[in-house]
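These numbers come from a predicted model, not from an experiment.
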Amino acid sequence: MKTKLLVIGGVAGGATAAARARRLNEQAEIILFERGEHISFANCGLPYYIGGIIKDRANLLVTTSKSFTARYDINVRINSEVLAIDRNKKTILVRDLHSGEQYTESYDKIILAPGAEPVKPPIPGIDLDGVFHLRDIPDSDRIKGMIDLRGPKSAVVIGGGFIGLEMAENMVLRGASATVIEMGLQVMAPLDPEMAAIVHAHLKEQGVKLVLGQRVESINSRNGGLSVKTSGGMEYECDLVISAIGIAPENKLAKEAGLELGPRGHIRVDATMTTSDPNIFAVGDAVEISDFVTGFPTSVALAGPANKQGRIAADNAMGRRSLYTGALGTSIVKVFDLAVAGTGSNEKTLAKHEIPFMISYTHSGSHASYYPGSTPMAIKLIFCPNTGKILGAQIVGAGGVDKRIDVLATAIHGGMTVMDLEELELAYAPPYSSAKDPINMAGFVASNIMKGDMAIAHWHEYVSLRQDGAEFLDLRSREEIETAGAIPDSRHIPLNRLRAALPGLDKDKQYIPYCAVGMRGYLAHRILVQNGFKSRNLSGGYRTFVGAEEEIMRESPEMELWLSE
């Protein structure tokens, strides 16, 4: 089949689509247009190049236009901006950014892969020298060049998402102090607040100043540097500013061509990645696709989904039917010594769509505790209360997080339940895991909840439980309490003394046993309920509660009074 395919955008989704189309059709005429000077570069690696972890700039280039052309016989036109699509004439208008020449090119099919662009808010001073955005290699060259030349001692990062936190870390690696200003009440919006709180604590441990719940109102020149003023009336002086507020889909071409857009400006596509025009496909950060878990429309700005969508769009453009089943949004980010990962839906998304769910928390070691180097990981599992089907998961830890989030992403994609997690046979050797892998442990705990073997209480119920007269039983040792602290007004009964203490407990009262992470709380719960007491184990134990203290106080001011008692 002699098909003329134009691919507009040459990074992840576009380059993948062009290469896939060639593999399927050796006779097709394929032209790839890229506005910049590089195709298929590793934009996820840009912060690490700036930070000096990636030493050689050439390593960011997955391929060059010359080698791509030689391997795939694709006409690659870099520094070429597509200005318009004429759907009636089936032509596009292109401008050569070097010569300024404009010309038209006909097409049979188009694959749009324009990506997204950094949000540039209308903040006074956003265009000052020393204020940077990060999207491509030239951006990273400018930032790195400034750091190499001037050696800044302080940086303000606006935005607490993936790029913002990566840039904060890499600024610290380059010897600068970092302040992160985030308009929301937490960093990493895909995380639920109690999981984000673990990240907050770690950032502070690393010397990063967090300014949450404030927006930037202006940026001004001051004392040879910059001053960032926030809505809270504070000013933060620094040597450079990184704006990482977020991204918006590049939809100008699609919008002006009359293609259907979603409410947030993303290009609407069906499962074949076809837009509202049957001859135009779209992939990547600019598209609105289906959420794998909820089925509702969503958008995912991640390289993995973009590459898969590019492959599927190329299949369909070349006449082979292929379907995209939806995005899980599986992601992971390095934040100093932590890995922060998530997959599927979070609580906020499920609540928004009124989808019932239950949650469980576990805190497991990355590998066998007796083998040196084991570190804790916090796992939050979200599942259907009726079937146990896994809906989402979040993990924060120092080691082994990537392995576990990938297992859970696979489980969600396969429609598995928390009971299935109990049965998974996963690789074990002391340096890598435990005989009961953290995934198995998460399954055991969630399954216990499903089977009715364990009634649970969650951190966000703390205030209402206290108001209803519930008593919290601290099962830890005295040494643990002195080291880590305790929930206010808890009654201390070490687990091994609980049976002896039962005669002194009140069967009309609700008891909330807790330990460090929930295991001893579960054992205490089984002892209590089988002896006629009312009990609910505090899910995730004291470690989860401590992480959620800020959120509890924000929602319930009286909590702060109790903590000060």
*asked:* Check this for me, if you would: do R268 and E260 make a salt bridge, where the nitrogen-to-carboxylate-oxygen distance has to be below 4.0 angstrom?
replied: yes
Problem set entry | N-O pairing of E425 and K436 below 4.0 Å | no
Would you say that more than 12 heavy atoms from the other residues, nucleotides or ligands in this model lie under 6.0 Å from the CD of Q530, or not? yes
For the residue pair Y371 and H367, does the interplanar ring angle fall in the parallel (under 30°), tilted (30 to 60°) or perpendicular (over 60°) class?
perpendicular
| query | Do the side chains of L424 and D437 get nearer than 4.5 Å, heavy atoms only? | reply | no
Task: K229, NZ: over 12 other non-hydrogen atoms inside 6.0 angstrom - done: no
message = Pairing donors with acceptors under 3.5 angstrom, does anything connect the side chains of E235 and S227?
response = yes
| For the residue pair F336 and H202, does the interplanar ring angle fall in the parallel (under 30°), tilted (30 to 60°) or perpendicular (over 60°) class? | perpendicular
May I ask you to decide whether K534 forms a salt bridge with D508, counting only side-chain N to carboxylate O separations under 4.0 Å?
no
For the residue pair E480 and T483, confirm or rule out a side-chain donor-acceptor distance under 3.5 Å.
no
Flag yes if more than 12 heavy atoms outside R491 fall under 6.0 Å of its CZ atom; otherwise flag no. yes
message = What I want to check is whether the side chains of R526 and Y522 have a donor and an acceptor closer together than 3.5 Å.
response = no
Can a side-chain donor-acceptor contact be found between Q394 and D192 if the only test is distance below 3.5 angstrom? yes
Between M188 and V333, does a side chain to side chain contact (heavy atoms under 4.5 Å, CB included) hold up when you go through it step by step? CA-CA 10 Å; M188 295 297 294; V333 62; 3.6 Å; yes
Check your understanding: Just wondering, are more than 12 heavy atoms of other shown residues or ligands nearer than 6.0 Å to NZ in K153?
Key -> no
Exercise. Do R536 and H525 pass the side chain to side chain donor-acceptor pair (under 3.5 Å) test, and can you show the C-alpha distance, the side-chain angles, and the key distance before you say yes or no?
Worked result: CA-CA 7 Å; R536 292 166 65 190; H525 169 76; over 6 Å; no
Review point. Looking at Y361, does the NZ or CZ of K380 lie under 6.0 angstrom from its six-membered ring centre and within 45 degrees of the ring axis?
Key: no
- Query: Using a distance-only test with no angle check, is there a side-chain donor-acceptor pair under 3.5 angstrom linking T544 and H363?
  - Reply: yes
| message | Check this for me: M183, atom CE, are more than 12 non-hydrogen atoms of other residues, nucleotides or ligands nearer than 6.0 Å? | response | no
In Q214, E217, R215, the residue satisfying side-chain hydrogen bond (donor to acceptor under 3.5 Å, both in side chains) with T230 is Q214
Exercise. Does a sphere of radius 6.0 Å around NZ in K403 hold more than 12 heavy atoms from other residues, nucleotides or ligands, not counting ones at 6.0 Å or beyond?
Worked result: yes
Tell me whether K334 is salt-bridged to E169, with the criterion being a basic N under 4.0 Å from an acidic carboxylate O.
yes
Answer yes or no: is there a side-chain heavy-atom contact under 4.5 Å between L408 and T410? no
Which of parallel (below 30°), tilted (30 to 60°) and perpendicular (above 60°) describes H353 and F296?
parallel
Under the criterion salt bridge (Lys or Arg N to Asp or Glu O under 4.0 Å), I'd like the reasoning laid out for D474 against R476: C-alpha separation, chi angles, the key distance, then a yes or no. CA-CA 6 Å; D474 193 330; R476 298 169 299 159; 2.7 Å; yes
With no hydrogens and no angle check, do the side chains of Y236 and S154 hold a donor and an acceptor under 3.5 Å apart? no
